[in-house]
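A short write-up of the structure that comes next.
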Amino acid sequence: MRRWFMALSIVMLILSTWLGLTKGQIVPIQRNILYVHVPNSIGALLGFAALLLASVGYLVTERQIYDWIAAASAEVGTVLASILNATGMIFSRAEWNVWWTPSPRLISSALLWFLYVVYLILRTSLPGSRRRRARICAVFGIIAFLDVPMVYISARFIPDIHRPDFSFESSWQTLALVLGIAGTIALAGVLIWLRADLLRRRFELENQLHN
Amino acid sequence: MKSAWSGFKAIVVKDLVIELRARQVLPTMIVLGMLIVFILRLVSEPSSGRVEMPMMAAAALWIAFLFSGLLAQERSFGVEQQNGCIDGLWSAPLDAGTVYLAKLLANVVILSIFEMVIVPAVLLSFSLRVTARWLDLVIVLALGNLGISSVGTLFSAVVQLTRTRGALLSIVVLVVLMPMLIPASFALLVLFGAMPEEVAGSGAMAFVGSFRVAQGYLLAFDAVFVVACWLLFGVVVEE
């Protein structure tokens, strides 16, 4: 099941890349990075939503699985947010000749990355019982998410230079982007699933060792 | 209700009396803050070309607040670790939220004392005049103080048993406070005369828009963070 999802997402990503480089190419050439940038930005945001839901789920039910899902979404989200910021900077340099500038959208993307990284550092440095660590991480996940609407959603309503003014000319381009988004989300979902499962198995093995 | 109030009062008074008698953290905070202001004043040498003094002053003020505030907040639950005082605190007939609010108030008071020293130091060393709008300045500083203290007090209780207490606290608090510092800087820049009352266009400052909106944002951040931290504090400290 998981293998099929993984294969499907990779096929979608390869197709999206191939379409983007052939029939769906955007002129000028640097704008083609959009096929990676936009899916990753959506994925990074969805990853944070998954982190929030898992954190709330853990605090409400105290079931260990939610903690593993939260940890897995943070790890996958860090990767997506890194790609988001890296591709964004490359595009910005090519399009506007600056690597970075404090505009609302760029600040919120950078903030997202920082929140993920601090979450992971906090996770690895907390001593004490597993339950206590899971609770503290869940609380940080919730408090950190309070930042996101204040910056991210309100940034949507502000005029911002950092969105190139163009629309898709052919349906190939739309198809390439949609495939990219679907592929990235599917891949992120599978990776979270895989990682959470790995954490569960490690926990079970540790339990067997101790008994 | 009455016992919650007296417990609240007892914790606040205890923390402030400890600080005033033993002077554990205020001198360090003030010296650190003044060093930050001093260093930033050194690099804003007018002969080095175009220097925006009010901008450097705003940066100096918020950096000094954040880092000195972290010292106070780390101390806030650090002081309870000696002789197992923390067990006494948790066994008191008080709910965790009340303990949080009491610790928060003590931190706000300590940071306010710090502000009374450091704000004149900044105004004098960067030769700024804000006499006409001192009330606005006080409001902005008070709102910033509450926001900084609210997040710091919550996570102070979290980091105590870790190996890298202060370092961990600093990254956790700074990353959560990052969005709040945009309207906070905006407000100070307006008060210091580095920016017009209203800004249009694009960019982070235009995102805030005007001085009144900046104050509104600060108020919203404070309200959200204080309520969220108050509600979640019990979850964090429960063993």
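Keep in mind that what you see is a predicted model, and the values were worked out from it rather than measured. Chain A is the first sequence line, chain B the second, and so forth, proteins listed ahead of strands; every chain is numbered from 1.
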Checklist entry - Quick one: does B:Ser68's side chain have a donor or acceptor within less than 3.5 Å of a partner on B:Phe65's backbone? => result no
Checklist entry - Out of A:Leu122, A:Ile142, A:Ile143, A:Leu126, which one racks up the most heavy-atom pairs below 4.5 Å with chain B? => result A:Ile143
Next on the checklist: Restricting to non-hydrogen atoms, name the atom on B:Ala96 and the atom on B:Phe233 that form the minimum distance, rounded to 0.1 Å.
Outcome noted: O-CD2, 3.3 Å
Next on the checklist: With a 6.0 Å cut-off on the ring centroids, do B:Phe186 and B:Phe211 count as close?
Outcome noted: no
Checklist entry - Can you list the residues that meet the side-chain hydrogen bond (donor to acceptor under 3.5 Å, both in side chains) rule with B:Ser149, with sequence neighbours excluded? => result B:Asn145
Next on the checklist: For the interface with chain A, which of B:Thr162, B:Thr164, B:Val237, B:Val159 has the highest count of heavy-atom pairs at distances below 4.5 Å?
Outcome noted: B:Thr162
Item to check | A:Ser125, part contacting chain B, at a heavy-atom distance under 4.5 Å | outcome: both
Item to check | Which portion of B:Phe155 sits near chain A, non-hydrogen atoms under 4.5 angstrom | outcome: side chain
Next on the checklist: Within 45 degrees of the ring normal and closer than 6.0 Å to the centroid, is that where the cationic atom of A:Arg195 sits relative to A:Trp68?
Outcome noted: no
Checklist outcome for this item: So, the part of A:Tyr119 with a heavy atom under 4.5 Å from chain B: the answer is neither
Next on the checklist: To check you understand the geometry: which heavy-atom pair defines the closest contact between B:Leu40 and B:Ala59, and what is its length?
Outcome noted: CD1-C, 4.3 Å
Next on the checklist: For a quick test of reading the model, state the closest non-hydrogen atom pair linking A:Ser73 to A:Gly47 and the distance between them.
Outcome noted: CB-O, 3.8 Å
Item to check | Which atoms of B:Leu168 approach chain A - backbone, side chain, both or neither, heavy atom under 4.5 Å | outcome: side chain
Next on the checklist: So for B:Leu174, is it side chain, backbone, both, or neither that comes closer than 4.5 Å to the heavy atoms of chain A?
Outcome noted: neither
Item to check | Heavy-atom contact with chain A under 4.5 Å, split by part of B:Ala157 | outcome: backbone
Item to check | Interface moiety of A:Leu59 toward chain B, non-hydrogen atoms closer than 4.5 Å | outcome: side chain
